[in-house]
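Before any comments, here is the structure.
Just so it is clear, the values below take in all heavy atoms, side chains as well, and ignore hydrogens, waters and symmetry mates. Numbers restart at 1 for each chain; the letters A, B, ... are given by sequence-line order, proteins then strands.
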Amino acid sequence: MESATSTKRTSLMIGSVWLVLTLVVLTIGFRQALFLSPTDAEQGDVGRIFYWHVPSAMLGLVFPYINFVASLAFLYLRRRNPLAALTADAWAVAAAEVSVVFASICLVTGMLWGRAVWGIWWTWDWRLTSELLLWLLYVAYLMTRRMSTDGQTSTLGAIISVFAALDVPLVYFSIRWFRTQHPSPVFGGGADSGLDPSMYPAFLWNVLAWLMWGGFILAFRVAVERRRQRLDQLEGLRMLESDIDNFKLGGEPERGNAF
Amino acid sequence: MQTTEQASPVATTTPAAVLAGVSKLFGTFAAIRNLSLTIKAGTITVLLGQNGAGKSTLLRLLAGLTAPTRGSVTVLGDAPERRRGRIAYMSHAPMLYDELSAMENLQYFATLNAVGGGCDCVGSPEMALRAVGLDPHLAKPVGQYSQGMRQRTSLARVLQSDPEVLLLDEPFSNLDVGSAQHIVELLADFKTWPIHGGASGRTIVLTTHQAHLAESIADLTLTMDRGAISR
Amino acid sequence: MNFYRHVMAHLRKDLRLEWRSRDSMTGMLFFSLLVVVVFAMAFDPTAAVSRQISGGILWMTLLFASTMALNQAWTREQRNSVLDAQRMAPASAAALFFGKALANMIFVTGVEAVLAPLFTVFYNLHALGQGWLLLIVMPLGTWALVANGTFFAALGLRTRNRELMLPLVLFPISIPALLAMIQATTGILTGEIEPDLWIRLLVVYDVVFTTACLLLFDTLLNAE
Amino acid sequence: MHFEGMSAMDARHLVLAYASVALFQGGYFAWVVRNWLRLKDDEKKAAKPVE
């Protein structure tokens, strides 16, 4: 018990320090992006959206991989080592949620930028479309978890995750072919092709900041999920130990038959 | 039937089933609580108890249809999922297609049970149906059968797979006294069927409310209460 | 060999069940007919326009019709807990999946066979590209829908809201296949796009996802 | 940067973009924190002996 509380305290401390550092870097990134980086000649100030949009897009592609690897680990460990499998599941669900958050930001900032620069909110360009589908796939993953019956959530989630991971590259390439055959007029100019060296500091600070933030929120979410799992187990144990008071007479006779 | 006679089963062989500290939770409902039990091969175990006492869940655990929340279940020396085909399970539900006739249902499951060059002579659908007292040539779909007939078809389904471990959930529930008595005799007879492959005897675990019916054949009678064995 | 025998047993059984009730076939057929008529009234298609849109309408019709039918694909197994008996049998779960998927494939193909002449009549169709390629595109596209659909319908059994679950998961996952089949069909009808790239994508999609379904079906069936 | 007034679309959209980032990340963070605190309460309750 002594060591358990001390490790808890250590991880809490590491977490807080990490959070403070992240906030500092986020502030630097914010200042760089808004005040120090030069205004884009073509796009004006709205071009600064780039510093949030692109890091979010990049991270939105990283977290699905974590989800996929964790899901595979879960499927492998499910019968062999149920406790380790639970940890893998915590990582999977956290990574999926964080993916959806970053993909949502990517979509919304992208739309705001598009309206100001292209004059339209949305175009079915391959990049936008694939990002939207990525978002849809991981929302479907989270919905499946929500709707699944007790005790099967993790397995069903892991299965959907494998399908989603197989789907993403196919979506990416197919939509790219599709939209290459009908080039969208808005993407003729190549407004963001190449990165001016003057933009580097702001861009890199923001990538670092959001990477740190992403790592923090992922680890935090995993910790919460682990805690929830432990509480669940504790509750189960209590149910087993408490004898009569929790027992509903004649309760759930059909349970055994539920498929 | 196989003609090679087996020597009388040796008492000190692997048990048919071992449950070690098994608990099963459905959400916050504890269906089985920390249950440990060894079922000897070649015996008939009768489980008694009220609705919700955990009898059905225990059978489903033994069948490998559901995994224990804690503890381990071993049937015929391995996890029940790896002993498919050697365990048969009959539940409250008939586990048959309503639209097919008894014969069609049984033939379908016979194909599924045949793996490799399995001996087709044992457990042919026709013999199984005759054994439970049904006409194999009845063309009516199972959905139009009476409760009792469906129950007997369901029993034929499990018997034809020639299982070493037979799990029966309320096998007498919808039967009149005569046919229930007939089934009891059939089960007693089933226990003596020879097995190819050197196993040490057929094992039956059944749950029932009608204790008086099963008493005559039971080697062991257990009463379950709130997910544990009380007697 | 065992696998083949078991698949055939499942398939035979499913065909027999469908023959006795004809539920999903009649349902799908009438639904598709309704969609075709409603779309035709909404767009009042001329020959040139209908070539552009009918590929999309055809596949959307089939997608919705087959989703409707696939939602019911496992109800018979669920009703009397037949699925438990199938899980207990030593036959592989993949065979169960494959047999059911083949049966659904046959049903949807039957619907297509009736739908194709209707489409030609109502939309004044006449392929400008190589019409025979449709004979490749249709089965490939149908299999893409049916294989995933059968799998996710079984997944839906393990959730609280089966009817809602299937489209929720099936549609996003099928997007590349849908895109490929619609593009290939439109390409063939209009003669403007070369369909072979899309056909190749469909083949890749079918192979990848059929493999995934076969490998994961056992896990799905024994998720409990 | 120089705000030439909020009426210009690019300035407005830049602010909106920043607000949406803060909303999504902050909202998710708040949600996780809320779950964390709630679990903490539950844990305390669970630690108490059964009455």
Would a line drawn from the ring center of A:W52 to the ring center of D:Y18 be shorter than 6.0 Å? yes
Chain D neighbours within residues 215-224 of chain A, where any heavy atom lies under 4.5 Å away: A:F216, A:I217, A:F220, A:R221, A:V224
Hey, are A:S104 and A:W135 close enough side-chain-wise for a donor-acceptor pair under 3.5 Å? yes
Checking heavy atoms, do the side chain of A:L19, its backbone, both or neither come under 4.5 Å from chain D? side chain
Roughly how far, to the nearest 0.5 Å, is OG of A:S99 from CD1 of A:I66? 7.5 Å
Using the ring of each side chain (for Trp, its six-membered ring), is A:F102 parallel, tilted or perpendicular to A:F63, with breaks at 30° and 60°? parallel
Could you tell me if the ring centre of A:F30 sits under 6.0 Å from that of A:Y51? no
Within a 6.0 Å radius of atom CH2 on A:W213, are there more than 12 heavy atoms belonging to other residues, nucleotides or ligands? yes
